[in-house]
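Reviewing the structure listed below.
Reminder, nothing fancy here: chain letters follow the sequence lines and each chain counts from 1.
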Amino acid sequence: MDVFTILMGVMTIGALCFSFKKDKKKTLEALKKAFYMGRGMAVSIFSVIFAIGFILAIFPPEHLSALVSRQNSWLATVSAALFGTVTLIPAFIVFPLIGTLMRSGLSITPAVAFLTTLTMVGIATFPLEKKQFGLKFALARNGLSFVFAIAIAVLMGVILQ
Amino acid sequence: MKGRTFIKNNKFACFMVIMYGMALLMAPKIAVKSVQNSAYYLKEMLMIMPVIFVLTALLDTWVPTETISRFLGKEAKSKGTFVAFVIGSVSAGPIYAGFPFCYTLYRKGASIQNVVIMLSAWAVVKLPMLLNEAKFLGGAFMALRWGLTVIAILLYSKMMGWWVKDADIPCDEAPLSETPRVNTDACMGCGLCAKRYPSVFIMVQKKAVISKEWTVDHDLLNAAVRECPVKAIVH
């Protein structure tokens, strides 16, 4: 186990104890909520994990990373950002995948572009956003998020490389 | 009949089962390799997922969204920005549960700029995710990406405030009414509301709906709104 898993575990147990001491009923409610959240998402999470395993068996991470690195870096970054825009996977499944890809040579800029648009821009949720807030709002928010995601990716590439 | 609805509700999972079956028949090597790959992610996820869900639920239970959302008005300046960030980051549930929730706050007087901050924070700035990112990609990577993201959100929410006006946002004809609704896009069919408040909610095809013979009981309803894990009940 690594430092962050332990840190998160300790934090959660601490928060639980504190919460339990303050209000038993509320804590039990929170635990129930956590259980239902997990149960509701379990099937889709497991399917995505098995899908990632399958894709990586057909295209090994070294090949994927090499494929991205061979491209023009602007093209790679914009495609990664577009890919993040159309995908709808919970971010916490993506972190270990990006970790694997970066260890096998994926450069920072496309990785960040993908991670950032994945959560900030949503094609799949666009109709829902439009219905609620109108076309102009949805277009502006998603468009600006996309542009800023690329800017964040480029900046991170410059700073961390 | 029950199997049929299960397939309909879990199309992707069934597709993956078929893919694995086919791989097992045609290329057993790939199937074995896939299972090995998946096992690594599965192990990592099983270790981290319960923690993420418990942390998220605790935050959601203890930070009283209703009371702090008072600070979101058009005149509230830095305080409103901060509150919007907090509401977005501690809320549980997917972003599409955030749309109706933030829309309700907008109707209650939150500014467009703060709505944008809330939605973006809802999508990106989650405390449990932050730790998870640090675990897999390193602390420096995480800190820098989140720092830049917060700056980006501040900048573009300001731009949206100039650009998008109140007239651009469709007005939901139904006034903030007595009648609760269930947002079927967000409801994931956990059944918590139907189990706890059977007088108000019933489950129909894995979604919660308002029972026809429900009686107005605001305490009950507000409790249900608070307890829904994905904030699918709008009142």
Side-chain angles (χ1 to χ4, degrees), chain A residues 2 4-5 7-9 12 15-16 19 26 29-34 36-41 43-47 49-54 56-58 91-93 95-96 98-99 102 112 115-116 119-120 122 125 128-129 132-134 136-137 140-141 144-145 148 151-152 155-156 159-160, chain B residues 10 12-13 16 19-20 30 33-35 37-38 41-42 44-45 47-58 60-62 92 95-96 99-100 103 116 120 123-124 129 131-137 141 144-145 148-149 152 156 159-160 163-164 168-170 185 188-190 192 227 229:
Chain A
D2 57 303
F4 286 106
T5 315
L7 193 73
M8 275 180 82
T12 310
L16 260 181
S19 167
K26 247 180 160 174
E29 250 163 44
L31 281 176
K32 224 179 252 167
K33 210 186 249 187
Y36 281 116
M37 249 193 290
R39 204 184 64 176
M41 288 173 78
V43 175
S44 51
I45 289 173
F46 288 143
S47 348
I49 289 177
F50 277 98
I52 290 176
F54 192 72
L56 288 184
I58 300 176
F92 52 87
I93 301 182
F95 293 134
I98 294 293
M102 278 177 70
V112 175
L115 274 180
T116 310
T119 45
M120 240 175 10
T125 53
L128 295 171
E129 189 170 351
Q132 201 85 72
F133 289 104
K136 195 171 171 189
F137 181 99
R141 199 189 70 84
L144 283 171
S145 298
F148 274 96
I152 291 171
L155 266 174
M156 292 233 355
I159 297 172
L160 289 180
Chain B
N10 301 287
F12 187 63
M16 282 324 294
M19 289 301 278
Y20 269 79
I30 287 195
K33 185 90 186 99
S34 307
V35 173
N37 286 340
S38 311
Y41 293 110
L42 216 54
E44 295 286 356
M45 283 303 124
M47 235 154 46
I48 211 92
M49 255 167 40
V51 178
I52 289 185
F53 286 134
V54 170
L55 261 185
T56 311
L58 275 178
D60 200 50
T61 311
W62 280 105
I95 178 73
Y96 41 88
F99 297 141
Y103 184 74
V116 176
S120 306
V124 221
M129 290 294 147
L131 289 165
N132 200 23
E133 179 166 352
K135 171 175 151 68
F136 288 105
L137 299 170
F141 183 98
L144 190 57
R145 198 175 80 87
L148 289 174
T149 306
Y156 81 63
M159 289 157 82
M160 294 257 318
W163 195 12
V164 181
D168 297 321
I169 295 185
D185 296 316
M188 54 182 197
C190 73
L192 185 65
E227 281 166 31

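Here A:Thr125 is the residue among A:Leu155, A:Val112, A:Thr125 with the most heavy-atom pairs under 4.5 Å with chain B. The greatest number of non-hydrogen atom pairs below 4.5 Å with chain B, out of A:Val43, A:Leu7, A:Ile49, A:Ile93, is found for A:Ile49. Comparing A:Thr12, A:Ile98, A:Thr116 by how many heavy-atom pairs each has under 4.5 Å with chain B, the most go to A:Thr12. Between chain A and the residues B:Met45, B:Met49, B:Met159, B:Lys33, the most heavy-atom pairs under 4.5 angstrom are made by B:Met45. Annotation: maximal heavy-atom pairing with chain A below 4.5 Å, among B:Ser38, B:Ala123, B:Ala134, occurs at B:Ser38. With respect to chain A, the highest number of heavy-atom pairs below 4.5 Å among B:Val35, B:Thr149, B:Asp168 belongs to B:Asp168.
The part of A:Ile159 that comes within reach of chain B is its side chain, from C-beta onward, which places non-hydrogen atoms under 4.5 angstrom from that chain. Proximity to chain B involves both the backbone and the side chain of A:Glu129, based on heavy atoms less than 4.5 angstrom apart. In this structure, chain A has heavy atoms under 4.5 Å from both the backbone and the side chain of B:Glu133. The part of A:Leu31 that comes within reach of chain B is its side chain, from C-beta onward, which places non-hydrogen atoms under 4.5 angstrom from that chain. For A:Ile45, the part lying near chain B is the side chain, with the backbone staying farther off; criterion is any non-hydrogen pair under 4.5 Å. Both the backbone and the side chain of A:Ile152 come within contact range of chain B, each with at least one heavy atom under 4.5 Å from a heavy atom of that chain. B:Leu137 touches chain A through its side chain: at least one heavy atom from C-beta onward sits under 4.5 Å away, while N, CA, C and O do not.
Considering every non-hydrogen atom in both B:Tyr156 and A:Met120, the closest pair reads OH-SD, 3.8 Å. Summarising the geometry of A:Arg141 relative to B:Ser120, their closest heavy-atom pair is NH1-OG, 3.8 Å, with the distance given to 0.1 Å. Residues A:Leu115 and B:Phe141 share a closest heavy-atom pair of CD1-CE2, 4.0 Å. Shortest non-hydrogen contact noted between B:Phe53 and A:Gly38 is CE1-CA, 3.5 Å. Here the shortest heavy-atom pairing between A:Ala57 and B:Ser34 reads CB-OG, 3.3 Å.
In this structure, B:Met160 CE and A:Ser145 OG are separated by 8.0 Å, a value rounded to the nearest 0.5 Å. One finds the CZ atom of A:Phe46 at 5.5 Å from the CG atom of B:Leu42 (value rounded to the nearest 0.5 Å). Between the CZ atom of A:Phe137 and the CD1 atom of B:Ile169 there is a distance of 5.5 Å, given to the nearest 0.5 Å.
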Item to check | B:Asn37 and A:Ile52: CA distance, side-chain angles, deciding distance, side chain to side chain contact (heavy atoms under 4.5 Å, CB included) verdict | outcome: CA-CA 8 Å; B:Asn37 286 340; A:Ile52 290 176; over 6 Å; no
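The main-chain N or O of A:Phe95 is never found under 3.5 Å from a side-chain atom of B:Lys135 such that the two would form a donor-acceptor pair.
The aromatic rings of B:Tyr20 and A:Phe50 sit perpendicular, their planes meeting at an angle over 60°, well past the 30° parallel limit.
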